[in-house]
Student: 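Okay, handing you the structure first.
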Amino acid sequence: MRALPRRFYARPSRVVARALLGRLLVRGRGRRRLSGRIVEVEAYDGARDPASHAFRGETARNRTMFGPPGHAYIYVSYGVHHCLNVVTGTPGTAAAVLIRALEPVAGIAAMRRRRGLGDRERLARGPGCVTRALGLTVAHDGLDLTSGPLWIADGPPRRGGRRIARSPRIGISRAVARPWRFFLAGHPCVSGPRTAGRGVPTRRTGR
DNA sequence: GTATCGATTAGC
DNA sequence: CTAATCGATACA
């Protein structure tokens with residue numbers, strides 16, 4: 001399978017987000033290949049989206065998002081974890097899709113080693129777990145997904161017979177009502193709610 | 001300059 | 001429930 005062409009990414013983040021579900025995210029080539037089916041994503045919409053890192057303009061951290069589509073935007077979350085996004089839209093739009101969860105397909109033993117976990121369904125469940133399982137860090141920020149050792153496979157997205165469900169995005173405090181989280185309904189590797197829920201997620205108490 | 005908050009997770 | 005830990009942001 002080939003890497004998805006750049007034109008795939010040169011569309012609005014919500015369109016790309018849905019189109020990514022069921023596709024294969026691949027790290028490396030040959031025997032050392034790691035891969036997983038994308039089962040959960042979130043769309044972010046640059047300057048038009050208060051929840052986006054790009055909402056307040058370009059910084060050293062989010063520079064990649066302002067570049068051409070089809071590149072990996074990887075940032076440090078909570079000072080501890082790394083999160084993988086794909087840049088979408090036209091250059092300067094600074095839109096992106098966060099990869100929140102994978103169903104591990106290849107290199108599962110290596111993922112188990114990296115994660116110190118046996119449960120396949122939990123290996124890449126959650127954005128920080130995705131990068132941990134694949135061995136991605138901010139050192140990989142800016143990688144070109146159409147040519148590099150990190151890519152997304154072309155071909156019909158196999159959804160395993162599951163429908164695409166949507167919900168509000170997880171872990172944000174602004175623009176909380178926008179239903180821009182997309183996932184394969186009921187898939188065991190999805191983090192958080194696995195069925196479509198209307199309305200704003202329940203706010204955790206304490207702050 | 002200091003204080004606070006995250007596109008989170010693992011562990012009590 | 002909290003700690004971890006750092007870039008970005010808010011404010012004196």
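Scope of the values below: all heavy atoms of this structure, side chains included, with no hydrogens, waters or symmetry mates. Letters go in sequence order (proteins before strands), and every chain restarts at 1. Every value quoted in this text rests on a predicted model; they were computed, and no experiment measured them.
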Student: Can you confirm if the NZ or CZ of A/Arg11 lies within 45° of the ring axis of A/Phe8 and under 6.0 Å from the centre of its six-membered ring?
Tutor: yes

Student: Return the minimal non-hydrogen interatomic distance between A/Met111 and A/Pro104, and the atom names on each side.
Tutor: SD-CB, 3.8 Å

Student: In terms of side-chain heavy atoms of A/Arg56, which of C/dT9, B/dG6, B/dA10 is nearest?
Tutor: C/dT9

Student: Need one value for A/Arg181: base, sugar-phosphate or nothing, where a base atom within 4.0 Å counts as base even if backbone is also close, heavy atoms only.
Tutor: nothing

Student: Does anything in residues 15-33 of chain A pair up under side-chain hydrogen bond (donor to acceptor under 3.5 Å, both in side chains), and if so which pairs, sequence neighbours excluded?
Tutor: none

Student: Rounded to whole angstrom units, what separation is found between the CZ atom of A/Arg61 and the C1' atom of B/dC5?
Tutor: 11 Å

Student: With C1' as the reference atom in both, quote the distance from B/dA3 to C/dT5 in angstrom, rounded to an integer.
Tutor: 15 Å

Student: Are A/Tyr78 and the base of C/dA4 stacked, counting only ring centres nearer than 5.5 Å and planes tilted under 30°?
Tutor: no

Student: Without decimals, in angstroms, what is the distance between A/Arg122 CZ and B/dA10 C1'?
Tutor: 11 Å

Student: Is the phosphate of C/dA8, meaning OP1 or OP2, less than 4.0 Å from a side-chain N or O of A/Thr59?
Tutor: yes

Student: Among A/Arg181, A/Arg194, A/Arg162, which residue meets the salt bridge (Lys or Arg N to Asp or Glu O under 4.0 Å) test with A/Glu40?
Tutor: A/Arg181

Student: Reading DNA chain C from 5' onward, which residue's closest nucleotide shows up sooner: A/Ala60 or A/Gly79?
Tutor: A/Gly79

Student: Assign A/Val76 to base, sugar-phosphate, or nothing according to its heavy-atom contacts below 4.0 angstrom with the strands shown.
Tutor: nothing

Student: Quantified in whole Å, what is the C1' atom distance between nucleotide C/dA3 and nucleotide B/dC5?
Tutor: 15 Å

Student: To the nearest angstrom, how far is A/Arg100 atom CZ from B/dA7 atom C1'?
Tutor: 7 Å

Student: Once Watson-Crick and G-U wobble pairs under 3.5 Å are found, how is DNA chain C written in dot-bracket notation, 5' to 3', with | for any base paired to another strand?
Tutor: ||||.||||||.

Student: Which of these nucleotides, B/dA10, C/dT9, C/dA4, is closest to any side-chain atom of A/Cys129?
Tutor: B/dA10

Student: Provide, to the nearest angstrom, the distance between the CG atom belonging to A/Asp45 and the C1' atom belonging to B/dA7.
Tutor: 14 Å

Student: What is the distance, to the nearest angstrom, from the CZ atom on A/Arg114 to the C1' atom on B/dT9?
Tutor: 18 Å

Student: Give A/Arg132 one of three labels, base, sugar-phosphate or nothing, depending on what nucleic acid heavy atoms sit under 4.0 Å from its own.
Tutor: nothing

Student: Write down the distance separating the C1' atoms in C/dC1 and B/dA7, rounded off to the nearest Å.
Tutor: 22 Å

Student: Pick one: which of A/Arg100, A/Arg166, A/Arg169 meets salt bridge (Lys or Arg N to Asp or Glu O under 4.0 Å) with A/Glu42?
Tutor: A/Arg100

Student: Whole angstrom is fine here: how far is it from NE2 in A/His81 over to C1' in C/dT5?
Tutor: 10 Å

Student: Taking CZ in A/Arg178 as the centre, count heavy atoms belonging to other residues, nucleotides or ligands within less than 6.0 Å. Is the count above 12?
Tutor: yes

Student: Should we count CZ of A/Arg122 as having more than 12 external heavy atoms under 6.0 Å?
Tutor: no

Student: Could you state the CZ-C1' distance from A/Arg174 to B/dG6, rounded to the nearest angstrom?
Tutor: 10 Å

Student: Would you sort out whether A/Asp141 and A/Arg61 count as a salt bridge (charged side-chain N to carboxylate O under 4.0 Å, His left out), showing the intermediate values?
Tutor: CA-CA 9 Å; A/Asp141 177 52; A/Arg61 174 176 71 163; over 6 Å; no

Student: Nearest to the side chain of A/Tyr75, which nucleotide is it out of C/dT9, B/dA7, B/dG6?
Tutor: B/dA7

Student: How many Å lie between CD on A/Glu42 and P on B/dG6, as a whole number?
Tutor: 15 Å

